[in-house]
Asker: 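A single structure is presented below for examination.
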Amino acid sequence: MRLTDRAMAMAMPWRAGAWRVGALVAGLATVATTVSAQPRTTPDADQAVSAWIQMVAPPGAELQDRRLTAALPGWQADAMGNLVRRIGTGSPRRVVACAMDIPGFVVSQITDNGYVRLHGTGVASHPLWSQFHETQQVRLLTARGEVTGVVAVANGHFSRQHRGDTAIVGVDNLWVDLGVNSRAEVTALGVSLLDPVSAIVPQLTYAGFAAGPAAGARAGCAAVASAAAAVQQAGGPAAGETVFVLSSQRSFGWVGLAGVLARLGPVDHITLLDEGSATRGGTVAVPAPRLAQSKSRALARVVRRDSVQVVTPRVRFAGSLVESVHRDDAAVLMQAALRAAGSRDSVAPWIMPVVDTTTKRIARRDAYEPIERTFMALADLPGVPGHEWRVRDAIRAQLPAWAQRVATVDTAGNLVVAVGPDRDSVAYVAHMDEVSFEVAAIQGDGRVRLRLMGGPVVTAWEGKTALLHFDAEANGAVRETLRGVFVPRDSARTKPLPVVTAWFGVDSATLVARGVRVGSAVTGYKHATRLAATRLTARGSDDRTGSTALLLALQRINPATLTHKVVFVWSVREEGGLLGAGAFGAMHGRSLTRVYSIDTFVSSDTPLEGTMFAYAPLGQGFVLRSLDDGSLTPRAERERVQRIAKAQGIPLQLGTTHGSTDGSSIAPYGAPNVGLSWPGRYSHAPGEVLDLRDVDALIRIIVATAVSK
């Protein structure tokens, strides 16, 4: 789950007006599989800060993840959840502190139908903080361990029902989907009220930047910990005593640090390495009386000095999930921490926690393991319309030997497997592409304006990781994917995002030199994840689930038993035009008896939709998608599928929804379009949800209809 930087040079200028001052927050975020303390002599500062960003420390539960304390031997935890290290004796006595936590959420309600509602902890500095969490994977820190969920978002296909939803999303609009259906199932997972909830974000460095929630504050803690190690290694400060503090509950006015100071006694100097600033950063002396007027109100009650020295780094995208701090600014923080600590040295090695974010998929212990394994192999591959080759290659590699021998790629780029006697031909079509983006223009400062490919829920990508993918060159070589961010707004009055842009940390000349062109493919970071029971969440379930079902159905068919021709098609450029299927239809549509579209059924089985339309509950079978915006399945064809499903004992749901399928572009050539689907939630967003039981039913109906006469 790690995205590492490969020495991309920083070229984006710091421009007046391009930055915003974040509120005073600090935090640790996302999954760390293993963490241990290991001083590194030469890691780049951005790599060190990125590792610190990965550690999890929500307000009030900063030490619940024991891996944090394991990373800092010699530090003492107190009753308030602070980590403290005292080095040296005598006068002067100094305190050098940073903050571990960032504003987050806690479980405030468990609904009867199995959703979790949230309440904020601390005051976020960014007006879109809650909205950034829509369709984001989150972790719930329960007493029994972590539970993964995904935050609901309105279905992209149902945009017409949500035209009036212009208000910025607040915490009261957030619903967490754990993959279950009842309150009892939620509590069986160990979830209870007040459990902390935080976003899961990838470990991201790009062009010398480390990015993630409260990256500037994380850089401060990296500097404090590294300065403490350097001072200890040197035998103490040049004079007196230095007390290093990784404070808890910064989100509540530095309550944790206030507790340390209240019990410490007289202090000569206090230095806070605080959250990032949209300015150039620097050091200021804050008069003690002013602390009560800021978010440092708890400190004001115990500080006995005239002023407190506050050091802030300059950051980009302050207060967002992709707040970014450059390695040079992290190095400035290190120097400030060393000076404040009374160090004899002006430079020191970075203490870099070892964070293993390697994805380790544990095999399922049920009949759905082959489906999940195949889906996971396809879901995270990029497949921007017109750039589906990675997905096509992966599908082709998993075809049975007989199918690989007859598989072809047509002039449109569709992967086609035709088998059986040349009569009564039927086609099954699933698409390989996904809603995504293309570069529409490269601006002088390095930002790229993006064109929508299909109908993505654009606010779901705002303030997230952006990945720019290159196609294979003539010699087969593929340039390394560029990492960056979808640029978040500094402020907003309404939810909609008018223009989507991305930034990769370099200027336009560097982008062009690296091969970026108008039309280059851009996606978000993807990490398909198992929820509870039989549910998965992933970006691109539409239509990697259909592609998976088609692949596994083909593997179950014995071609020698077929009495007619069956054509399996994995199409290209479905999103935004049905272009690949249209090309296939123009060549073969007149010879087809019928076409089966294997695509998602966008279900209203979500907490954000009304259930009077498109209601097909997850886990209750495949959906015969009988009516959508592009086609209507004739009654005779519906009844045929229903008879076959009943005879085979395959659970079926009948429904109508929005959107169109590939079959809509083939039906005009005389082949009735029959939609075979699975119910899905949160369409065209990064957190789509499916149920493996429905996919199993879909595979079974594909096989049953393919072999029937």
Side-chain angles (χ1 to χ4, degrees), residues 157 385 388 410-420 422-433 454-455 542-543 545-547 549-550 553-554 564-602 613-614 616 622-645 652-678 680 683 698 701-702 704-706 708-709:
H157 284 84
E388 301 94 342
D410 66 18
T411 55
N414 303 308
L415 177 63
V416 181
V417 175
V419 61
D422 192 12
R423 59 177 178 269
D424 301 327
S425 299
V426 297
Y428 293 82
V429 187
H431 64 89
M432 297 181 288
D433 60 321
D542 173 16
D543 190 28
T545 305
S547 293
L550 204 57
L554 184 147
H564 58 281
K565 179 172 285 187
V566 181
V567 185
F568 297 88
V569 183
W570 288 269
S571 70
V572 297
R573 296 188 293 170
E574 189 269 357
E575 297 295 351
L578 315 176
L579 300 180
F584 174 82
M587 295 200 56
H588 306 287
R590 296 173 181 84
S591 65
L592 297 176
T593 302
R594 64 182 62 87
V595 58
Y596 294 97
S597 298
I598 315 302
D599 207 338
T600 184
F601 180 89
V602 182
F613 167 77
F622 83 93
V623 183
L624 179 51
R625 180 171 167 166
S626 305
L627 172 65
D628 58 27
D629 299 330
S631 68
L632 169 66
T633 302
R635 181 185 295 272
E637 294 296 338
R638 297 200 305 268
E639 292 176 345
R640 180 177 184 274
V641 173
Q642 289 173 306
R643 286 195 303 270
I644 294 172
L652 175 151
Q653 303 182 74
L654 190 67
T656 176
T657 189
H658 283 315
S660 295
T661 63
D662 275 331
S664 300
S665 63
I666 300 175
Y669 296 97
N673 178 28
V674 183
L676 302 181
S677 305
W678 71 97
S683 67
L698 177 60
I701 195 62
I702 293 172
T705 54
S708 67
K709 296 181 181 180

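The chain is numbered in sequence order, starting from 1. The figures that follow rest on heavy atoms only: side chains count, while hydrogens, waters and symmetry mates do not. Keep in mind that what you see is a predicted model, and the values were worked out from it rather than measured.
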Asker: Considering only heavy atoms from C-beta outward, does the side chain of V417 approach that of W570 to under 4.5 Å?
Answerer: yes
Asker: Any chance the side chains of S597 and N673 put a donor and an acceptor closer than 3.5 Å?
Answerer: yes
Asker: Nearest 0.5 Å, please: how far is CD in E574 from OG in S660?
Answerer: 8.5 Å
Asker: Counting distance only, does the side-chain N/O of T657 pair as donor-acceptor with the main-chain N or O of V602 below 3.5 Å?
Answerer: yes
Asker: Could you list the residues that satisfy side chain to side chain donor-acceptor pair (under 3.5 Å) with R638, not counting sequence neighbours?
Answerer: none
Asker: Looking at N414 and G580, would you say the former's side chain and the latter's main chain have a donor-acceptor pair under 3.5 Å?
Answerer: yes
Asker: I want to check something: taking the side chain as every heavy atom from C-beta on, are L415 and V569 in contact at a cut-off of under 4.5 Å?
Answerer: no
Asker: About how many Å separate CG of D542 and OG1 of T600, when rounded to the nearest 0.5 Å?
Answerer: 5.5 Å
Asker: Is it true that the side chains of T661 and D599 contain a donor and an acceptor less than 3.5 Å apart?
Answerer: no
Asker: Can you say whether the rings of H658 and F613 are parallel (under 30°), tilted (30 to 60°) or perpendicular (over 60°)?
Answerer: tilted
Asker: Hey, does the side chain of D662 reach the backbone of S665 with a donor-acceptor pair shorter than 3.5 angstrom?
Answerer: no
Asker: Mind checking side chain to side chain contact (heavy atoms under 4.5 Å, CB included) for L592 and listing every partner two or more places apart, or none if nothing turns up?
Answerer: S425, A427, F584, I666, A671
